[in-house]
Amino acid sequence: EAYSQLGYVAGLARMPAVAERYFARALATAESTGDVLGWIKTRYTVAAYQIGLGGWDLARTEAAAAQARARELRNPQEVEVGHTILGHVDFCVGDLAGSRQASQALLDSARARANKQHEAWGLYTVGRADLYADRLEDALAGFEQAAARLADLRDHASSILCGGLHAWAVARAGD
């Protein structure tokens, strides 16, 4: 997992060759040690990195492979991460229905497990799809519910994303 995070950081620093080497090292280490969770997290990290590069097909392939392994392990936490990443890919390519479907699957699973952070992610990403589909009332409700769940968490990035989306929805609603 540490190697995959170093790969992500190297990629952000615009050192793609270094990023690729760290990702390869992360996968090799996970495979050689039987670290299935590390393999899953590495694939998700590669997917997130590819989203930032616009590598939609590779991001989808990596996230789907990781999510399939997480399902095999019956690890709902990691399955939900897959819904999140796949929903982002769908959103980025303009597939609002696919993005909303992945986000709703995340939300439903998170609610069933009482996972407040993933529930908030599901709420604001469903809201994001609703916002882009001009369902402003639904979007506003989702953002407000997500913000309430995030208030007790230390997920600052999600609070910023949710707050920005909420502000945009309020502005589009004319307020």
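Each residue takes its place number in the sequence, starting with 1. This one's a predicted model, so the numbers in the text were calculated from it and none came from an experiment.
- At most 12 non-hydrogen atoms from other residues, nucleotides or ligands lie less than 6.0 angstrom from OH of Tyr3.
- When hydrophobic clusters are built by joining Ile, Leu, Val, Met, Phe, Trp and Tyr residues whose side-chain heavy atoms come closer than 4.5 Å, directly or via intermediates, Tyr124 is not grouped with Ile51.
- Put simply, OG on Ser159 and CG on Leu150 are 4.5 Å apart, with the number rounded to the nearest 0.5 Å.
- Here CD of Gln117 is found 12.5 Å from CG of Asp152. Values are rounded to the nearest 0.5 Å.
- Atom CG of Leu6 sits about 10.5 Å away from atom OG1 of Thr45, to the nearest 0.5 Å.
- Leu107 is listed as a side-chain neighbour of Gln104, based on a closest heavy-atom distance under 4.5 Å.
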- Asp35/Leu37 under side-chain contact (heavy atoms from CB on, under 4.5 Å): CA gap, chis, key distance, verdict: CA-CA 6 Å; Asp35 181 5; Leu37 192 56; 4.0 Å; yes
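- Within the cation-pi definition used here (under 6.0 Å to the ring centroid, within 45° of the axis), Arg60 does not qualify as a partner of Trp56.
- With Ser109 contributing its side chain and Ala105 its backbone, the two residues share no donor-acceptor pair below 3.5 Å.
- Here the shortest heavy-atom pairing between Gly127 and Ala139 reads O-CB, 3.4 Å.
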- Task: Kindly determine whether Thr125 and His88 satisfy side-chain contact (heavy atoms from CB on, under 4.5 Å), including the steps that lead there.
- Result: CA-CA 8 Å; Thr125 56; His88 288 319; 4.1 Å; yes
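- A salt bridge (charged side-chain N to carboxylate O under 4.0 Å, His left out) with Arg100 is found for exactly one of Asp90, Asp95, Asp130, namely Asp130.
- Proximity of Arg113 to Glu80: side-chain heavy atoms (C-beta onward) are separated by under 4.5 Å at one or more points.
- Counting heavy atoms from C-beta on, the side chains of Asp155 and Trp121 come closer than 4.5 Å.
- Between Gly38 and Ala30, the shortest heavy-atom contact is C-CB, 4.0 Å.
- A side-chain donor-acceptor contact under 3.5 Å links Ser32 to the backbone of Thr29.
- For the pair Gly7 and Ala19, the tightest heavy-atom approach, listed with the atom from each and the gap, is O-CB, 3.1 Å.
- Salt bridge annotation for Lys116-Glu119: absent, with no cationic side-chain nitrogen under 4.0 angstrom from a carboxylate oxygen.
- Linking Ile, Leu, Val, Met, Phe, Trp and Tyr residues whenever their side-chain heavy atoms come within less than 4.5 Å places Trp39 and Ile85 in a single cluster.
- Between Tyr132 and Phe91, the distance from one ring center to the other falls under 6.0 angstrom.
- Separating the CG atom in Leu106 from the OG1 atom in Thr84 is a distance of 4.0 Å, to the nearest 0.5 Å.
- Both Leu96 and Leu165 are part of a single hydrophobic cluster, where members link through side-chain heavy atoms under 4.5 Å apart.
- Side-chain atoms of Ser99 come within 3.5 Å of backbone N or O of Gly87 as a donor-acceptor pair.
- Side-chain contact check for Glu62 versus Gln50: every heavy-atom pair is 4.5 Å or farther apart.
- Across all non-hydrogen atoms, the minimal contact from Arg149 to Gln145 is NH1-O, 2.9 Å.
- Shown here for Val18 and Ala10, the closest heavy-atom pair between the two residues is CG1-CB, 3.8 Å.
- The distance from atom CD of Gln77 to atom CG of Asn115, rounded to the nearest 0.5 Å, is 5.0 Å.
- More than 12 non-hydrogen atoms from other residues, nucleotides or ligands lie less than 6.0 angstrom from CZ of Arg135.
- Val170 and Leu123 fall into different hydrophobic clusters, defined by Ile, Leu, Val, Met, Phe, Trp and Tyr side-chain heavy atoms under 4.5 Å apart, directly or through other members.
- Looking at Lys41 and Glu78, a side-chain N of the basic residue comes within less than 4.0 Å of a carboxylate O on the acidic one, giving a salt bridge.
- Between the Arg128 side chain and the Phe143 main chain, no donor and acceptor come within less than 3.5 Å of each other.
- When the side chains of ILVMFWY residues are joined at heavy-atom separations under 4.5 Å, either directly or via intervening members, Tyr44 and Leu73 end up in a single hydrophobic cluster.
- Residue-environment remark: CD (Gln101) stays at or below the threshold of 12 foreign heavy atoms within 6.0 Å.
- Side-chain contact between His118 and Val81 is present, with heavy atoms from C-beta onward closer than 4.5 Å.
- Taking the six-membered ring where the residue is Trp, Tyr49 and Phe23 present tilted rings, their angle falling between 30° and 60°.
- Side chains of Ile40 and Gln67 form no contact here, defined as non-hydrogen atoms less than 4.5 Å apart.
- When all heavy atoms of Ala147 and Cys162 are compared, the closest pair comes out as N-SG, 3.9 Å.
- Listed for the Ser4 side chain is a donor-acceptor partner under 3.5 Å among the backbone atoms of Glu1.
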